[in-house]
Q: 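I'd like to ask some things about the structure below.
Proteins come first, then strands; the chains are lettered A, B, ... in the order of their sequence lines, and each starts at number 1.
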2 protein chains.
Amino acid sequence: MNDVAEKTGVSKTTISRIINQIPNAASKETVERVLKAIDELGYYPNQVAASLKRTTTRTIGLVMGDIENPFFGLMIKGVEEVVRSSGYSLILANSNYDDALEHDLCMLMLSKQVDAILIAPSGFSSCKQYAPILDRQTHVVFIDNYVPGCNVDSVIVNNYEASKEACDYLISLGHKKIAFIAGPANRISSDQRTKGFVGAMEEEFGSLEPSLLKRGDHTIAGGYRCMAELLQQPEIPTAVFASNNLMTVGALGAIKDAGLSIPSDISILGFDDMYWYSINQPSLTAVDQPAYEIGQTAAKRVVMRLRNKKQPSPEVIELKAKLIVRDSTAPPQPHRNAPKT
Amino acid sequence: MNDVAEKTGVSKTTISRIINQIPNAASKETVERVLKAIDELGYYPNQVAASLKRTTTRTIGLVMGDIENPFFGLMIKGVEEVVRSSGYSLILANSNYDDALEHDLCMLMLSKQVDAILIAPSGFSSCKQYAPILDRQTHVVFIDNYVPGCNVDSVIVNNYEASKEACDYLISLGHKKIAFIAGPANRISSDQRTKGFVGAMEEEFGSLEPSLLKRGDHTIAGGYRCMAELLQQPEIPTAVFASNNLMTVGALGAIKDAGLSIPSDISILGFDDMYWYSINQPSLTAVDQPAYEIGQTAAKRVVMRLRNKKQPSPEVIELKAKLIVRDSTAPPQPHRNAPKT
DNA sequence: TCGGTTTCGTTAATCGTTTTCCTAAATCGA
DNA sequence: TCGATTTAGGAAAACGATTAACGAAACCGA
């Protein structure tokens with residue numbers, strides 16, 4: 001910047017104003033002269049210095065539990081798109097669903113003076129753990145999950161209703177022995193799905209046989225294990241509902257390894273629609289979460305907060321997940337194969 | 001920081017030293033007193049200011065063409081893991097394979113004073129376009145692709161050999177009419193795969209029938225279109241090799257819609273292995289790229305450059321992609337179904 | 001002609017750290 | 001006991017922008 005000033009014989013103030021396009025900053029000729037010098041010298045402003053003085057970095061942090069999961073991948077894309085086109089940069093970090101790491105990453109971001117943080121909460125059941133982060137002046141939006149007790153913007157999906165709807169659909173096909181592969185209990189979004197399933201089953205059948213509810217951990221291996229256990233039971237379920245995409249894949253693997261065919265031996269339905277579900281043989285029935293829109297919505301919310309002077313009170317924004325019926329679900333067959341052992 | 005200084009009656013210098021764990025910075029008691037005050041006041045250092053003074057931000061940029069693609073998702077995870085555990089933060093940006101945007105994003109990152117940039121080049125055929133970025137003091141590593149003429153660290157995969165090997169495998173099964181769904185010609189990685197295919201075919205059959213080579217664009221839609229065109233031909237190929245994951249999915253869709261079955265009517269093989277290929281019906285033969293390792297390797301390379309005083313000359317690091325044979329490839333059947341039209 | 005706006009520009013303080021150069025006391029070897 | 005070294009700590013100058021406060025022309029209407 002000093003070089004530009006020297007070369008053009010103009011003060012740094014004026015240069016700064018020209019770069020930031022302050023109206024009436026300089027005469028036409030000066031602007032041209034400065035722009036030319038900037039170009040010739042290949043000068044570009046040091047945003048670190050600018051950020052320091054401005055006390056805003058035009059950077060937004062995003063902390064996720066598992067950036068490898070394509071569902072989150074799509075969500076990240078939605079966030080990135082809005083963040084970038086709004087003039088911000090994105091700092092991304094992966095917590096591996098580790099509460100302590102998640103906390104440290106958030107603190108690191110605060111230290112880096114991000115203007116806002118988007119957090120996909122790993123699964124703290126209480127808001128207390130987030131207090132040190134929420135106490136700062138930084139804006140926070142929870143994404144894909146919310147934390148009860150925290151009065152914070154959250155963008156989620158109607159997990160309970162969508163899950164219940166999916167289970168009701170299986171019931172409507174005539175299934176009675178419907179198994180559920182649940183996610184971690186301490187994550188609200190996951191818990192809501194479990195509740196939706198349980199709700200539908202109890203409504204229909206009065207109570208739920210405990211052996212039909214397996215607890216996985218949102219991984220392929222977990223899904224496989226749960227499904228394998230279900231297939232060990234003397235009478236295997238006629239339908240299975242997996243509570244996220246990776247567990248669905250695991251369950252599919254276990255079904256395949258058991259030599260069962262879908263949907264004649266067992267129906268399967270997954271939470272999260274994946275791009276390849278429609279071309280799978282058979283194509284897979286799933287609850288489609290609008291991952292991209294979730295990301296966009298959360299990012300828009302945070303940008304709104306950064307731009308507006310007036311701060312509306314925090315809101316829980318609920319997007320709709322909807323059931324997509326394909327070929328992996330069918331009425332139960334009276335005479336099914338037993339799994340090959 | 002001033003508050004801490006005031007509270008403890010110690011200078012900012014000492015506090016800074018304690019925070020940065022400079023050896024012999026202060027006596028035990030002083031350290032304790034300061035740490036206590038820091039904790040009580042909830043002070044955390046402003047990394048923007050620190051970065052300004054240090055002239056290093058401990059931040060690394062990553063520019064990708066399509067962060068939604070699960071292949072890149074896994075690569076990002078590899079990068080993130082190494083970057084984070086090495087004490088850096090990651091700024092992520094998506095260029096949508098747009099050359100101009102890619103350039104702007106890189107400049108923005110330079111402006112933000114990232115210590116290094118990892119770029120998955122969108123497909124510039126020449127190094128000239130990268131010159132303004134490479135001229136700076138910042139370290140650059142190309143990832144997943146390299147740019148001829150640029151003397152820059154690059155982490156890639158043996159695209160040519162892996163592609164040739166895959167094609168040779170199809171030939172060894174007895175296929176003669178093997179189609180290839182190619183990616184963009186201006187991206188070297190993609191071009192190498194095309195060359196590998198063409199090389200294998202010419203080596204075996206002398207020449208390549210041009211109608212067997214379709215050019216897609218690395219999207220599902222492109223893969224579908226190419227496959228549909230191939231199925232329009234009077235004599236359809238007995239095997240098809242798609243040059244990336246999304247085009248493979250598109251091709252699968254077209255095959256499904258044509259009512260053909262795999263592998264009896266047509267064999268299919270894809271570049272990029274996906275986590276669900278093994279549970280697909282039939283499981284899919286694919287060339288497995290070590291996406292996670294690619295990301296890790298590139299990140300490690302850049303961290304090495306940031307840490308070492310000595311700078312070794314730029315290197316092209318080639319990881320091995322390997323063919324995984326599954327059920328979607330089989331010898332050609334003499335009497336095949338024609339596609340339903 | 002004169003006060004009041006614009007217009008174009010400058011000077012200098014400031015953001016919150018790190019780091020260079022000091023100093024004073026304590027320790028130490030001979 | 002004396003010089004040399006080590007240890008503990010401080011004062012103040014950066015880092016490279018932004019911005020408040022101010023000033024000199026130039027313009028303008030009455």
Q: For B/Asp3 and C/dT17, what is the distance between atoms CG and P respectively, to the nearest whole Å?
A: 10 Å
Q: Classify A/Asn2 by what it touches in the nucleic acid, base, sugar-phosphate, or nothing, heavy-atom distance under 4.0 Å.
A: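 Contact class for A/Asn2: none.
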Q: Write down the distance between CD1 (B/Ile18) and C1' (C/dT18), rounded to a whole number of angstrom.
A: 15 Å
Q: Rounded to whole angstroms, how far apart are OH on A/Tyr44 and P on D/dG16?
A: 11 Å
Q: For B/Lys112 and D/dC15, what is the distance between atoms NZ and C1' respectively, to the nearest whole Å?
A: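 From B/Lys112 NZ to D/dC15 C1': 18 Å.
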Q: Check each of A/Val152, A/Asp153, A/Ile188 against A/Tyr146 using the side chain to side chain contact (heavy atoms under 4.5 Å, CB included) test, and report the only one that passes.
A: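 One option only clears the test, and that one is A/Ile188.
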Q: Pick from B/Thr55, B/Thr138, B/Thr59, B/Thr56: which one makes a side-chain hydrogen bond (donor to acceptor under 3.5 Å, both in side chains) with B/Asp115?
A: B/Thr56
Q: How many Å lie between CD1 on B/Ile22 and C1' on C/dT20, as a whole number?
A: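 Spelled out: CD1 on B/Ile22 to C1' on C/dT20 is 13 Å.
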Q: Is a donor on one side and an acceptor on the other found under 3.5 Å between the side chain of A/Ser190 and the backbone of A/Pro184?
A: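 Between the backbone of A/Pro184 and the side chain of A/Ser190 there is a qualifying donor-acceptor contact (under 3.5 Å).
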Q: How does protein contact run along nucleotides 8-14 of chain C, one letter per nucleotide 5' to 3', with B for base contact, S for sugar-phosphate only, - for none, heavy atoms under 4.0 Å?
A: SBBBB-B
Q: Under 3.5 Å, is there a donor-acceptor pair between the side chain of B/Glu293 and the main chain of B/Leu319?
A: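 Checked: no pair found.
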Q: Could you tell me how far apart A/Leu52 (CG) and D/dT19 (P) are, to the nearest whole angstrom?
A: 12 Å
Q: Could you state the interatomic distance from OG (B/Ser85) to NZ (B/Lys300), rounded to the nearest 0.5 Å?
A: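 Output value for this atom pair is 8.5 Å.
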Q: Rounded to whole angstrom units, what separation is found between the CE atom of A/Met1 and the P atom of D/dA17?
A: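 Distance, rounded to whole Å: 6 Å.
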Q: Taking the six-membered ring of B/Tyr97 as reference, does the NZ or CZ atom of B/Arg187 fall below 6.0 Å from its centre and within a 45° cone about the axis?
A: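 Yes, a cation-pi geometry.
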Q: Do NZ/NE/NH1/NH2 and the carboxylate oxygens of B/Glu40 and B/Lys36 come within less than 4.0 Å?
A: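 Yes, B/Glu40 and B/Lys36 are salt-bridged.
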Q: Take atom CZ of B/Arg54 and atom P of C/dC15, then tell me their distance rounded to the nearest Å.
A: 20 Å
Q: Within the structure, does a side-chain N or O atom of B/Asn46 lie under 4.0 Å from either OP1 or OP2 of C/dC15?
A: no
Q: Below the 4.0 Å mark, does C/dT17 have OP1 or OP2 next to a side-chain nitrogen or oxygen of B/Tyr43?
A: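 Yes.
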